[in-house]
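Protein chains get the first letters and strands the later ones, always in sequence-line order, with residue 1 at the start of each.
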Amino acid sequence: MNIPKRYDAKEAESKWQAFWEAKGIYKFNPENNSPVFSLDTPPPTVSGEMHIGHAMAYIQADTVMRFQRMLGKSIFYPFGFDDNGLATELYVEKKTGRLAEEMSRQEFVELCLKESEIAEKRLHEDWKSLGISPDWDISYRTTDEWCRKTSQRSFIHLYKMGRAYRKYEPTVWCPKCGTAIAQVETEDKTLSSVLYDITFKVEGADLLIATSRPELLPACVSVFYHPSDERYKKYKGKMATVPLFGHEVPIMEDEEADPESGTGIVMCCTAGDSTDVEWWKTHKLPWISVIDERGRMKEAAGKYAGMYIKKARKAIVEDLAEQGLLKGKEEISHNVNVHERCGTAVEYIMTKQWFIKYLDLKELFLDAGAQLNWYPSYMKSRYDNWVKGLKWDWCISRQRYYGISFPVWYCEECDYVVVADDKDLPVDPSEATPPIDKCPKCGCDRFKPEQDVLDTWATSSLTPQIATRWKEDDAFFNKLYPMSLRSNGHDIITFWLFNTVVKGLLHENKVPWKDVIINGFVLDPKREKMSKSKGNIIKPKATIERYSADALRFWACSAKLGEDLPYEEKEIRRGVKMINKLWNASKFTLLHLDGYDLKYNCLEVADRWLLSKLNRVIGECTASFNDYEFSTVKKVIENFFWHTFCDVYLEIVKDRLYNPERGEEAKRSAQYTLYVALQAMLKMMAPIMPHITEEIYHAYFAEKENCKSIHISKWPEMDEDTIDEEAEEMGDKAEDVISAVRKYKTLNKKALNSEVSRILINCDNATEKQLEGTCDDLKATLHAKAIEFGDAEDNIITEKYELKLRVDW
RNA sequence: GGGCCCGUGGUCUAGCUGGUUAUGACGUCGCCUUUACGAGGCGAAGGUCAUGCGUUCGAAUCGCAUCGGGCCCA
């Protein structure tokens, strides 16, 4: 056996990655009748780069898949790329320096597709370098033909069941991007602003109203105060006159009006925020549109029409001041709802949009959340809170250039909705003709295509259906849906996970997976969130190049599910050390297994001790992996391998291996134990460190087991019969003696291999009997000429069993 | 404002269905070339388990409150 002195991780990792691909080790076989284990991972967006958070999450999920594969399951592990939607548009515009509105839609779409392809190649390489084990042949991209087809099918299915509807509705709108967006795409940002006290008139008297958005005065439709507010009760049912614009609006009561805020009386405009929209709905107020799709004032704003929001605000404030209607202003900082992608404050604009009706299904969604197995379980409450707080149906149309088309045309006369035929999918309604000649409602033969595109989440919420060939291959679908596992960051429970549950329930009346694992974030060494602006971003690529993928993986597995993990360089170095240690221990072990035929007659105490402990470790690692507790697996196997196996066991058996005087049987017993232990430990580490374990496996075990990769070899099974409580106690006592004598030598500044003439152990008869079985090993390990039992004066007490010893030099 | 999570030696962390002396790593210090590994081995120092109150024979672990940090949502 020729094992190199050093392990070259860089060379080995690319070698094994190529090997796995060439041999199809991770290929899904639909004919395989073993139970399926499948994974739904987030398709990374082409607009981003792989960051260390991705690395952690994908590695963690990958260890689970590798474990399940070794259990003999049929593994379905697809991989997708998300090149859809607004994120891609913004990325392409930034990268090429060209704007979508500079060219035709088709030209822009082509540019997006071209750039996505380049980005995907890069992403594929990056993800591959993590040593993950998907079947790359079943990868998808969210704008490919198959995904477009599935997304349009989903829409048509929802339309036909009455869940997709189109309506004029106040819609969350980004004036910068010029599109409707969903509730979930917004976030709150604290911004500084000015609160103006503005004079309204009631029957000739002044009524002061505080607002930060005076430009909405022309859209003012009522004013509110709290029902308990004594100051304003007298105005109930009266009308107030809006300054500058002169129209009259009703004065009304509502619990939502905060007496403490501003003057305690608030104007309701259509629409400044979600409260305005709620008031508009519940009090059945008229709708006045003053802001257009690009954030300019509309006709209703009178002389301010055509100005952008901020300019109009300034002009109106000036005019109010000039007319003496501005009574005060105060600098404030308040929370503003902004579009998460561009940071622009959102508006509520009345437009015609497509929605998925789902507010009536909250109970169903809560029930679905309860059906899923959440790891960790407390993450379920994020889902529950989100469902309970839903206020709007899901707006799925976007007024953008690049995205999947609605498979829809409208009758030019009566707006009748015509959807595409399934056989024609995917369609671009601008290019294709509708499947009917005449409108069934009015007989008109002219149709116009829907110009809007589907929200990107309308497609990415279908990843389980996309992967399992929904409505395309029933046998395949039925075998694979619902999927076994979803891996998800805690930040996207409310959209990606929730939306996927929605689609699963609406389409199949089933939750899309059995289990859900939620991973945490990677923080910087100071435990702060990584961000470009802080400049504390770590690129996994650099880490892999410097330390190897296995070292990165070893680190990634140290966080529990749901918990954030700080990136610490020293932790990565710990992985490097582990690889080195594993290499050296294996090199030593295999050297002594050369030509060994796995035959033995009877096992020595130390060997039974190790094998018994090994079996407990197998049991614990198996149970932990089944519960997605890879960090426990990592910790347990690391500890067992390093301390029990290397520090204690290997030192014990060296003499039996090297010294012929110990006899052939004692050697065979050690060889058997080494074989079994190393093989099992390698396999248990394989999901975490797939490259180094493959390298060692191929140096010896692959041939013995006749298996071409450790990753499709059999996971070690716990054998209850090997658990040997008696041997464990005997071995533990021997270990206790070894520790004590080592400590004694160290304190006396002696080398560990320095000879002692005698070790005298002063213990009870039972212990003496137990230790007798290990005497030869003890003598060899401690370099003691003799071990005797007796009543002499002692000078050492052992740590664990408090045995009394005396060491004679 | 609501929900959820977290506070354990200098740093990171295990334990948290209550029960000997609180786990391990990094760092620090000392000693040592064990026929695998000095990228190693053997040791040492270092902790009022955030704070307070409570439940209990017994609390890092359970309950309540406070303080601090984080995430999600208003």
Side-chain angles (χ1 to χ4, degrees), chain A residues 3 5-7 183-184 186-188 256 258 273-275 335 337 374 376-391 489-495 498 518 520-521 523 525-529 547 551 554-555 558-592 629 631-632 634-636 638-640 642-643 645-648 650-655 657-659 674 678 738-755 780-783 799-800 802:
Chain A
I3 298 164
K5 197 165 163 52
R6 291 209 178 257
Y7 168 71
Q183 182 184 345
V184 75
T186 67
E187 62 189 13
D188 282 354
E256 287 288 307
D258 179 6
D273 58 26
S274 60
T275 313
N335 287 337
N337 211 215
W374 295 80
S377 57
Y378 60 79
M379 286 295 179
K380 177 174 172 289
S381 42
R382 300 241 179 142
Y383 173 93
D384 289 346
N385 288 335
W386 173 255
V387 172
K388 286 175 193 158
L390 278 175
K391 286 188 176 164
H490 58 62
D491 52 331
I492 49 174
I493 290 173
T494 55
F495 33 136
F498 171 68
I518 305 292
F521 281 152
L523 306 175
K526 289 183 206 142
R527 314 210 94 227
E528 283 177 29
K529 208 170 156 175
Y547 298 108
F554 192 71
W555 159 80
S558 55
K560 287 194 287 191
L561 276 175
E563 290 205 340
D564 294 344
L565 179 64
Y567 179 89
E568 304 245 29
E569 193 123 352
K570 64 184 191 197
E571 288 297 318
I572 311 281
R573 278 195 222 106
R574 174 93 193 136
V576 174
K577 284 186 173 186
M578 181 69 181
I579 290 164
N580 184 51
K581 187 83 175 170
L582 184 58
W583 181 254
N584 283 310
S586 300
K587 196 173 65 186
F588 170 81
T589 302
L590 296 182
L591 190 72
H592 294 282
E629 293 285 352
S631 68
T632 306
K634 181 212 153 189
K635 204 178 61 203
V636 167
E638 179 185 14
N639 189 46
F640 177 77
W642 202 300
H643 300 297
F645 183 76
C646 291
D647 292 347
V648 181
L650 284 186
E651 293 303 329
I652 289 177
V653 293
K654 268 180 186 170
D655 189 57
L657 296 168
Y658 283 116
N659 183 0
L674 287 173
L678 182 63
I738 290 171
S739 296
V741 176
R742 280 173 170 176
K743 181 172 174 175
Y744 187 72
K745 285 183 177 179
T746 296
L747 290 175
N748 287 284
K749 304 190 181 189
K750 302 266 191 192
L752 291 177
N753 63 349
S754 59
E755 284 220 331
T781 311
L782 296 171
H783 300 270
E799 188 87 4
K800 193 171 166 195
E802 299 182 347

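Pairing of B/rU66, defined by two Watson-Crick or G-U wobble distances under 3.5 Å, is identified with B/rA50. Judged by Watson-Crick or G-U wobble contacts below 3.5 Å, the nucleotide B/rG1 has B/rC73 as its partner. Across every strand in view, B/rA59 sits unpaired, with no contact that passes the Watson-Crick or G-U test at under 3.5 angstrom. With both pairing distances under 3.5 Å, B/rG30 is matched to B/rC42 as a Watson-Crick or G-U wobble pair. Remark: B/rA25 base-pairs with B/rU11; criterion is Watson-Crick or G-U wobble with both hydrogen-bond distances under 3.5 Å. The pairing partner recorded for B/rU17 is none, the criterion being a Watson-Crick or G-U wobble arrangement whose two distances lie under 3.5 angstrom.
Partners of A/E571 according to the side chain to side chain donor-acceptor pair (under 3.5 Å) rule, which considers only residues two or more places apart in sequence or in another chain, do not exist here. The salt bridge (charged side-chain N to carboxylate O under 4.0 Å, His left out) test applied to A/E651 returns A/K654, not counting sequence neighbours. By the salt bridge (charged side-chain N to carboxylate O under 4.0 Å, His left out) test, A/R574 pairs with A/E638, sequence neighbours left out. Taking A/N748 as the reference, nothing meets the side chain to side chain donor-acceptor pair (under 3.5 Å) condition, with sequence neighbours excluded. Residues passing the ring-ring contact (aromatic ring centres under 6.0 Å, His included) test with A/F521 are A/H490, sequence neighbours excluded. By the side chain to side chain donor-acceptor pair (under 3.5 Å) test, A/K635 is found to be paired with no residue, residues two or more places apart in sequence or in another chain being considered. A/D647 meets the side chain to side chain donor-acceptor pair (under 3.5 Å) test with A/H643; sequence neighbours excluded. In terms of the ring-ring contact (aromatic ring centres under 6.0 Å, His included) criterion, residue partners of A/Y658 (sequence neighbours excluded) are, by chain and number, A/H592.
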All N/O pairs under 3.5 Å across the protein-nucleotides 7-12 of chain B interface:
none

Strictly under 3.5 Å: I want the nitrogen or oxygen pairs between protein and nucleotides 14-17 of chain B, one per line.
{"from": "B/rA14", "atom 1": "O2'", "to": "A/K635", "atom 2": "NZ", "distance (Å)": "3.0"}
{"from": "B/rG15", "atom 1": "OP2", "to": "A/K560", "atom 2": "NZ", "distance (Å)": "3.2"}

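Straight-line distance from the CD atom of A/E629 to the C1' atom of B/rU13: 15 Å, rounded to whole Å. A straight line from CH2 of A/W386 to C1' of B/rC73 spans 8 Å, rounded to a whole angstrom. Atom-to-atom, NZ of A/K743 to P of B/rC42 comes out at 13 Å; the value is rounded to the nearest Å. What separates CD1 of A/I493 from P of B/rG3 is a distance of 18 Å, to the nearest Å.
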Check: Where along nucleotides 30-39 of chain B does protein come under 4.0 Å, by heavy atom, of base (B) or sugar-phosphate alone (S), with - for untouched nucleotides?
Finding: BBS-BBBB-B

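Residue pairs meeting the ring pair (Phe, Tyr, Trp, His ring centres under 6.0 Å) criterion with at least one partner in residues 560-587 of chain A, sequence neighbours excluded, are A/Y7-A/W583, A/W555-A/Y567.
In this model, the phosphate group of B/rA25 is approached by a side-chain N or O of A/H643 to a distance below 4.0 Å at OP1 or OP2.
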